[in-house]
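What follows is a set of notes on a single structure, which appears directly below.
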Amino acid sequence: MCTLPHAETLTIEFKSDKTPLPDNDIIDAVVAFANTEGGDLYLGIEDDGTVTGLHPSHQDITRLTAFIANKTVPPVSTRATILTDQNLQVLKISVPKYTSIVASSIGKIQRRRLKADHTPENVPLYPYEIPHRLSSLSLLDFSAQTLPDTTRHDLDATERERLRNIIRTYHGEPTLLELDDLELDKALRLVAKVGEDYVPTVTGMLLIGRQERLQELIPTAESSLQIMDNGQLRINETYTQPLLASIEKINNYFTTINQEDEMDIGMFRVPIPHYAPQAFREALVNAYSHRDYSLLGRVRVLIEREGITISNPGGFIQGVTYDKLLDAEPHGRNPVLADCLKRIGLAERSGRGIDRIYAGSLRYGKMLPDYSNSNTDNVRLYIPSSRPDKNFIHLLTKKQEQLHRDFTIYELMVLSQLKGNQFLTCQELSAHTGIPSYKMENTLETLTAEKMIKASKQGKVLCYTFSEQSYKTTTGKAHFIKEPITDYADYNQHIMKLANEKGNVTRADVTALLHVSPAQAYRLLNRLKENHALILNGKGKTAFYTPC
């Protein structure tokens, strides 16, 4: 007796095998899995999950896996296993995700997708979708491609001068300013040699192309800016223009609405912006740098009272997920475009722009930016509007003066977690922040040695909290400790207690209760759901969890 899945998903498909299932249908299903996320094909299960059994012709699994390899290009290596459920046999064919385009031997290319009702289906992978698939696998740099029927006259001298001004303003590579126009275009790969002439690349047209030619050649280079004020749409603009002009335009709007406060620290007045300007600019540049220009859509910036949303077409590339962004290798969908933006000073040069985006909130004791609403089609960054923690800012500023260094992003994340909670273990801190355990251990050792935090035993578990001298309010009392803590504060217990008292719990409830980001709240709730402590009801913003 084995446990079989009860429903189809993007990575699970059922096929009836009573007749038996035609060979071409098996090949099509394998190809679709290989061209999406991989998955498991079950022969002998109806669409509704009823087990009806495997046909005798498919019981030779060695022959079947060899047949699949011979009928796919490139050959797909599958793993087949015969399972038994209620005395009926089921064949499980496990298909890996391929980092290339897979077709059947007759040239049929398919992929899997979710329909509007969230049920899966196999559909053709059309030629225009192939660049998107290759770029998401980091196999194609669309931004490096040259554009047919173009010349250097399609590049705008005014936009090139804007590029030079950006190099001066944001301290890009100074040697670029010494080059003439053609040498500058070649150095930044805005043009490439085709025959005897230099013609614009996609990067060149995106950054400094003439607006009318950009609209004609790359209509996907579209931007949208919306600013809401007390529920009223104050600004609603959509336009297609060179990226440097778009970034400058949106950043200027942002600057006009970004209020700033101040606080005294010693002899200095420290500015506290509502949103960190560097973090916003990095997030905006990232959206343009990493978007998929082979897809229709636009880079969209929505500024509301509750926060800022920046979204772009094209999901995270292969190997990157929203909850592992800090530890992901710095590589993107458009390497030539990204490299150019780094060299002119607009993007973070190490490729770790995500650190700057997170630090923009963490340094002011605010809620973390949230990528959890991203999916396979779009990356969505939400920067929540939240009050700064002036005690936290004071602590960081004074300690950085003493240490003569800035805090790392990992240190900031640990301190941000501990300032709102009494005691957390290394494992819990790692789970809440997404920082790998081996890096977390080094971070905790450093912060402990510098007396920012302290370790203490809670029962048999080693926990961490702020040291008594570090996180103080202006009155000298500890910010979060009003009386000695003797019991270990377990997140799961707090969440379950709230769920039992209310009858249900939402992500917003957990965010307010534990002072964690929405993404962290989601991970905590999801873990309780996977452990069968909570049941998910609904989807999206209306979702809530009830006790099992």
Side-chain angles (χ1 to χ4, degrees), residues 100-101 107 109 124-167 176 179-224 237-249 285 287-299 312-314 317 332-344 346:
S100 62
I101 302 297
I109 306 176
L125 182 66
Y126 293 106
Y128 72 86
E129 295 177 307
I130 291 178
H132 165 63
R133 174 65 178 171
L134 292 175
S135 66
S136 68
L137 296 170
S138 300
L139 297 175
L140 172 69
D141 184 358
F142 185 74
S143 68
Q145 308 299 303
T146 55
L147 293 165
D149 302 321
T150 61
T151 69
R152 284 192 69 236
H153 295 294
D154 293 316
L155 302 180
D156 193 329
T158 302
E159 293 302 320
R160 188 182 288 106
E161 187 56 34
R162 188 195 305 274
L163 184 148
R164 291 182 181 275
N165 286 334
I166 286 173
I167 295 173
L176 293 173
L179 304 176
D180 62 29
D181 288 350
L182 177 57
E183 291 302 317
L184 177 66
D185 292 352
K186 288 163 57 179
L188 293 175
R189 288 185 280 182
L190 307 181
V191 296
K193 196 166 188 179
V194 178
E196 297 299 319
D197 299 317
Y198 285 96
V199 300
T201 61
V202 170
T203 293
M205 188 58 63
L206 285 171
L207 293 182
I208 63 171
R210 294 183 183 276
Q211 186 167 345
E212 64 277 7
R213 286 294 277 159
L214 178 63
Q215 292 173 339
E216 177 185 348
L217 295 165
I218 315 178
T220 55
E222 193 173 59
S223 304
S224 171
E237 296 185 7
T238 299
Y239 44 86
T240 302
Q241 63 182 42
L243 300 195
L244 299 182
S246 296
I247 291 169
E248 186 175 286
K249 182 175 185 177
V285 171
Y288 284 108
S289 177
H290 298 302
R291 73 149 291 179
D292 191 335
Y293 289 95
S294 69
L295 297 177
L296 291 174
R298 65 194 65 165
V299 170
N312 61 268
I317 63 172
R333 176 175 277 111
N334 303 298
V336 168
L337 175 60
D339 181 66
C340 181
L341 292 170
K342 292 172 192 173
R343 295 181 66 188
I344 67 177
L346 268 184

Flag, side chain of Thr201 to backbone of Leu190, donor-acceptor distance under 3.5 Å: yes
Side chain to side chain, Leu147 and Asp154, heavy atoms closer than 4.5 Å: no
Results of salt bridge (Lys or Arg N to Asp or Glu O under 4.0 Å) for Glu216 - residues two or more places apart only: Arg213
Nearest heavy atoms of Val299 and Pro313, plus distance in Å: N-CD, 4.3 Å
Heavy-atom side-chain proximity of Leu155 to Val191 below 4.5 angstrom: yes
Min side-chain heavy-atom separation Leu217-Asp149 under 4.5 Å: no
Straight-line distance of Arg298 CZ to Asn312 CG, nearest 0.5 Å: 13.5 Å
Closest approach of Thr203 to Ser143 (non-hydrogen atoms, all atoms of both residues): OG1-O, 2.9 Å
Expected output: side-chain Arg210 to main-chain His153 donor-acceptor under 3.5 Å: yes
Nearest heavy-atom neighbours spanning Met205 and Leu214: O-CD1, 3.6 Å
Atom pair CG (Asp181) and CZ (Arg160), whose distance is rounded to the nearest 0.5 Å: 4.5 Å
Test item: Thr150 side-chain N/O and Val199 main-chain N/O as donor-acceptor pair under 3.5 Å: no
Test item: Arg343 side-chain N/O and Ala187 main-chain N/O as donor-acceptor pair under 3.5 Å: yes
From CA spacing to verdict: salt bridge (Lys or Arg N to Asp or Glu O under 4.0 Å), Lys186, Asp180: CA-CA 10 Å; Lys186 288 163 57 179; Asp180 62 29; over 6 Å; no
Heavy-atom closest contact (Asp292 atom, Gly314 atom, distance): CB-CA, 3.9 Å
Under 3.5 Å donor-acceptor, Thr220 side chain and Ser294 backbone: no
Main-chain N/O of Thr240 paired to Gln211 side chain as donor or acceptor, under 3.5 Å: yes
Donor-acceptor pair, side chain of Asp339 and main chain of Val336, under 3.5 angstrom: no
Pairing residues for Ser289 by the side-chain hydrogen bond (donor to acceptor under 3.5 Å, both in side chains) criterion, not counting sequence neighbours: none
Separation between CG of Leu243 and CD1 of Ile218, rounded to the nearest 0.5 Å: 8.5 Å
Ile344 CD1 to Arg162 CZ distance, which is reported to the nearest 0.5 Å: 11.0 Å
Separation between CG of Leu207 and CD of Glu159, rounded to the nearest 0.5 Å: 9.5 Å
Pairwise side-chain contact, Ile247 with Val285, heavy-atom cut-off 4.5 Å (strictly under): yes
side-chain contact (heavy atoms from CB on, under 4.5 Å) between Leu346 and Ile166, worked out: CA-CA 8 Å; Leu346 268 184; Ile166 286 173; 3.8 Å; yes
Leu244 CG to Lys249 NZ distance, which is reported to the nearest 0.5 Å: 14.5 Å
Tyr198 side chain reached by Asp185 side chain, heavy atoms, under 4.5 Å: no
Charged tip of Arg291 within 45° of Tyr288 ring normal and under 6.0 Å: no
Heavy-atom closest contact (Pro242 atom, Gly209 atom, distance): CG-O, 3.1 Å
Full working for side-chain contact (heavy atoms from CB on, under 4.5 Å) between Asn334 and Val202: CA-CA 10 Å; Asn334 303 298; Val202 170; over 6 Å; no
